[in-house]
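The block underneath contains the structure these notes are about, expressed in structure tokens.
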Protein chains: 2
Amino acid sequence: MLKQENSDKSFLDCPVAGIQDIIKGKWTTVILYFLSQSTLRFGELNRKMPMVTQAYLTKELRILENYGLIHREVYPQVPPKVEYSLTAMGKKFIPVLDALEKFAIEYEQDNQK
Amino acid sequence: MLKQENSDKSFLDCPVAGIQDIIKGKWTTVILYFLSQSTLRFGELNRKMPMVTQAYLTKELRILENYGLIHREVYPQVPPKVEYSLTAMGKKFIPVLDALEKFAIEYEQDNQK
DNA sequence: CAGGATCCGCCGCGATACTG
DNA sequence: CAGTATCGCGGCGGATCCTG
């Protein structure tokens with residue numbers, strides 16, 4: 001269930017063009033980062049990023065779910081419990097996160113002198 | 001010249017939080033990808049991504065320049081000539097591009113069956 | 001507890017026209 | 001050729017209230 005065709009970059013001679021949409025969300029990489037460390041309940045995840053609203057966090061989670069990167073497991077009980085984890089495809093994104101992390105550290109070091 | 005403080009993610013226990021702003025632009029990764037292959041004039045770059053407006057391409061280039069990832073070399077001549085290339089910091093972003101490329105290929109393969 | 005439903009300001013992104 | 005200058009729309013991102 002892809003969100004196809006934003007401005008047809010498909011014919012672009014650039015492999016990364018197609019996935020820009022995935023990572024452009026304001027908190028996508030952060031969410032994926034936390035979920036790469038451990039499966040988390042909604043509340044736990046939200047507590048790790050308190051500046052994000054419930055509503056918006058839900059939205060981004062749905063988007064990532066539609067992209068097939070995260071899995072949403074609902075436990076039918078009271079009170080409700082929902083756990084988020086990376087799918088197989090989501091785990092393939094981890095190298096990107098690692099590279100990003102490495103770059104981020106170098107970037108911030110270089111930038112505070 | 002960082003664009004500080006959008007919603008203070010700095011205290012977030014996540015290394016990648018700080019650079020989400022850099023990669024959130026609609027064409028950032030594509031621009032960096034092309035420039036990682038070779039130094040390019042404005043027109044050349046624009047021809048490689050024709051669906052992007054001159055105006056907007058200029059904007060994103062300025063942003064990446066302000067972030068210190070690309071270098072803008074102006075040749076004072078008529079007609080004018082401007083070349084864009086990666087800075088040292090920009091080159092440190094290449095591993096991210098490589099990881100993204102790898103992921104993109106796997107992602108798109110998996111998604112058309 | 002984990003969301004769904006609304007409402008809304010702002011700016012990302014684009015189209016178009018004009019310059020040195 | 002490589003930009004600036006305007007103008008405008010749509011939707012991202014957020015606040016706030018309500019539910020099973």
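By convention in this document, chain letters (A, B, ...) are assigned in the order of the sequence lines, proteins followed by strands, and residues within each chain are numbered from 1.
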Legend entry - Inter-axis angle, terminal five-pair segments of the helix from C:dC1-D:dG20 to C:dG20-D:dC1 [nearest 10°]: 50°
Legend entry - B:R41 side chain, from C-beta outward: closest of C:dG4, D:dC1, D:dG14: D:dC1
Legend entry - Among D:dG3, D:dG13, C:dC13, the nucleotide that comes nearest once only the side chain of B:R62 is considered: D:dG3
Inset, instruction - Give every residue pair that meets the ring-ring contact (aromatic ring centres under 6.0 Å, His included) criterion with at least one member in residues 76-104 of chain B, sequence neighbours excluded. - result: A:F93-B:F103, A:F103-B:F93, B:F103-B:Y107
Inset, instruction - List for me each residue that meets side chain to side chain donor-acceptor pair (under 3.5 Å) alongside B:E101, sequence neighbours excluded, and say none if there are none. - result: none
Inset, instruction - May I have all residue pairs that pass salt bridge (Lys or Arg N to Asp or Glu O under 4.0 Å) and include part of residues 54-78 of chain A, sequence neighbours excluded? - result: none
Inset, instruction - Would you indicate what B:F42 reaches in the nucleic acid, counting non-hydrogen atoms under 4.0 angstrom: base, sugar-phosphate, or nothing? - result: sugar-phosphate
Inset, instruction - Look at the side-chain N and O atoms of B:Y56 and state whether any lies under 4.0 Å from the OP1 or OP2 oxygen of C:dC13. - result: yes
Considering only nitrogen or oxygen atoms on both sides, find all protein atoms under 3.5 Å from nucleotides 16-20 of chain C and state each distance.
none

Inset, instruction - Mind jotting down which residue pairs meet the side chain to side chain donor-acceptor pair (under 3.5 Å) criterion with at least one end in residues 36-51 of chain A? Sequence neighbours excluded, please. - result: A:Y33-A:Q37
Inset, instruction - Starting at atom NZ of B:K24, determine the distance to atom P of C:dC10, rounded to an integer number of angstrom. - result: 16 Å
Inset, instruction - Apply side-chain contact (heavy atoms from CB on, under 4.5 Å) to B:T29 and list each qualifying residue two or more places apart in sequence or on a separate chain. - result: A:V16, A:Q20, A:I23, B:L97, B:L100
Legend entry - Which residues share a side-chain contact (heavy atoms from CB on, under 4.5 Å) with B:V78, sequence neighbours left out: none
Legend entry - Stretch residues 69-79 of chain A: residues that reach within less than 4.0 Å of DNA chain D through a heavy atom: none
Legend entry - Partners passing salt bridge (charged side-chain N to carboxylate O under 4.0 Å, His left out) against A:E83 (at least two apart in sequence or in another chain): A:K81
